[in-house]
Amino acid sequence: MSLPDYLGLQPILFGLFLSMYLVTVLGNLLIILAVSSDSHLHTPMYFFLCNLSLADIFLISTTVPKMIVDILTHSRGISFVGCLTQMSFLILSGCMDGMLLTVMAYDRFVAICHPLHYSVIMNPRLCALLVLVSFLFSLLDSQLHNLVALRSTHFKDVEISNFFCDPSQVLNLACSDTFTNNIIKYFVGAMSGFLPISGIFFSYCKIISSILRIPSTGGKYKAFSTCGSHLSVVCLFYGTGIGVYLGSAVSQSPRKEAVASVMYTVVSPMLNPFIYSLRNRDIKSSLRRIHSRSV
């Protein structure tokens, strides 16, 4: 089901979502270009940020292009294989986003709480390992969803109350053994939602405790300012994503779910480059150097 049921809004939505998609892809590609081309940014924090931008590009590319095609063709259909493929890539990129945000919280924890040992702890080998584990965990999460859907769903000509194959909506279509599906859904939701949030919460408890022990006000502000961008992205992504995933079994309002889905599948990937670049002097100076060289 598309966002609105009013044909008059279709051209507006087409222009809006096409613009948001192009801005998201361009913004995240600029972050990747800035980090890869500037040797000063070859640090763990920017390495994780580069991977986060790549995951954001995949996340928005799983939903928006299909929706744009649907608006142009006035068709909302999708095959069963296409639906499972879209759901698989959506979970893979979305879970990767969450895992990378957790890894970035750990990176900030080490930088603020153990600054003298930062370069030793966050060595290139550990950074690559953390990204690899995040990817494998996300892949496992997506395949678990697919296995549940393949095992329990046998249907055609049904409606999904969202503009993409939302995992919670697809699993709710099963007419048999819904108890097992709910158990698996909440278990996987806890693994991909509760555990990363617990890691982020633990890291920031330690960070706040360390910041409060800093005697000067300027030192406290400087230490906490390095976490502001990350906290903003965490609240935006997890606040909407978990609300949609876990609230689907309780809420009966497709409109509210669709709006919240837009927030974490479209708006969050679009805002991430702006949040990190506008609050980061290193990124801005690197982009200026790239622009001056190209001119």
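A donor-acceptor pair under 3.5 Å is absent between the side-chain atoms of S209 and the main chain of C205, judged by distance alone. With hydrogens and angles disregarded, a donor-acceptor distance shorter than 3.5 Å links the side chain of H42 to the backbone of V35. A donor-acceptor pair under 3.5 Å links the side-chain atoms of N123 to the main chain of I121, judged by distance alone.
Closest of all the heavy-atom pairs between T24 and N28 is O-ND2, 2.8 Å. S142 approaches S88 most closely through the heavy-atom pair CB-O, 3.4 Å. Pairing each heavy atom of T265 with each of F163, the nearest pair is OG1-CZ, 3.8 Å. Between N272 and S268, the closest heavy-atom pair is OD1-O, 2.9 Å. Across Q86 and T63, no two heavy atoms sit closer than the pair NE2-CA, 4.0 Å. Considering all non-hydrogen atoms of both residues, S93 and A55 come closest at CB-O, 3.8 Å.
Neither F202 nor I207 shares a network with the other; the hydrophobic side chains, linked directly or stepwise wherever heavy atoms of I, L, V, M, F, W or Y lie under 4.5 Å apart, form separate groups for each. Under a hydrophobic clustering in which Ile, Leu, Val, Met, Phe, Trp and Tyr are joined whenever their side-chain heavy atoms come within less than 4.5 Å, directly or via other members, L136 and M104 fall into the same cluster. L129 and Y118 fall into different hydrophobic clusters, defined by Ile, Leu, Val, Met, Phe, Trp and Tyr side-chain heavy atoms under 4.5 Å apart, directly or through other members. Residue V69 is not grouped with residue L13 when hydrophobic side chains (ILVMFWY) are merged at heavy-atom distances under 4.5 angstrom, including chains of intermediate members. Side-chain heavy atoms closer than 4.5 Å link hydrophobic residues (I, L, V, M, F, W, Y) into clusters, and following such links, possibly through other members, connects Y46 to L126.
To the nearest 0.5 Å, the span separating CD1 on I57 from OG1 on T62 amounts to 12.5 Å. F201 CZ to K206 NZ: the interatomic distance, rounded to the nearest 0.5 Å, is 11.5 Å. Note that the CD1 atom of I208 and the SG atom of C113 stand 10.5 Å from one another [nearest 0.5 Å]. Considering CG of L26 and CD1 of I31, their distance stands at 10.5 Å, rounded to 0.5 Å. A distance of 10.0 Å separates CZ of F17 from CE of M270, quoted to the nearest 0.5 Å. Considering CG of L59 and CG of L92, their distance stands at 10.0 Å, rounded to 0.5 Å.
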Query raised in the report: Between I71 and I68, is a side chain to side chain contact (heavy atoms under 4.5 Å, CB included) present by the stated rule, with each step listed?
Result: CA-CA 5 Å; I71 293 174; I68 291 174; 5.6 Å; no

Report task. Let me see the working for S61 and Y21 under side chain to side chain contact (heavy atoms under 4.5 Å, CB included), right down to the final yes or no. Result -> CA-CA 8 Å; S61 296; Y21 179 71; 3.1 Å; yes

Report task. Verify side chain to side chain contact (heavy atoms under 4.5 Å, CB included) between T43 and F47, making sure each step is shown before the conclusion. Result -> CA-CA 6 Å; T43 61; F47 172 70; over 6 Å; no

Requested in this report: Walk me through it: do M122 and L130 pass the test side chain to side chain contact (heavy atoms under 4.5 Å, CB included)?
Outcome: CA-CA 10 Å; M122 300 302 296; L130 288 173; 4.3 Å; yes

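Residues S138 and M99 meet the side-chain proximity criterion, which asks for heavy atoms closer than 4.5 Å. By the 4.5 Å heavy-atom criterion applied to side chains, H114 and V120 are not counted as neighbours. Side-chain contact between F274 and V23 is present, with at least one heavy-atom pair separated by less than 4.5 Å. Side-chain contact between C165 and I78 is present, with heavy atoms from C-beta onward closer than 4.5 Å. Counting heavy atoms from C-beta on, the side chains of T102 and Y106 never come closer than 4.5 Å. Counting heavy atoms from C-beta outward, M20 and V64 have side chains that stay 4.5 Å or more apart. When side chains are defined from C-beta on, L54 counts as touching I32, because their heavy atoms get closer than 4.5 Å.
The 12-atom threshold is not exceeded at CZ of F58, counting heavy atoms of other residues, nucleotides or ligands nearer than 6.0 Å. In the displayed structure, H40 atom NE2 is contacted under 6.0 Å by at most 12 heavy atoms of other residues, nucleotides or ligands. Within a 6.0 Å sphere centred on CZ of F89, other residues, nucleotides and ligands contribute 12 heavy atoms or fewer.
A side-chain contact (heavy atoms from CB on, under 4.5 Å) with N146 is found for exactly one of I91, D141, L84, T85, namely L84.
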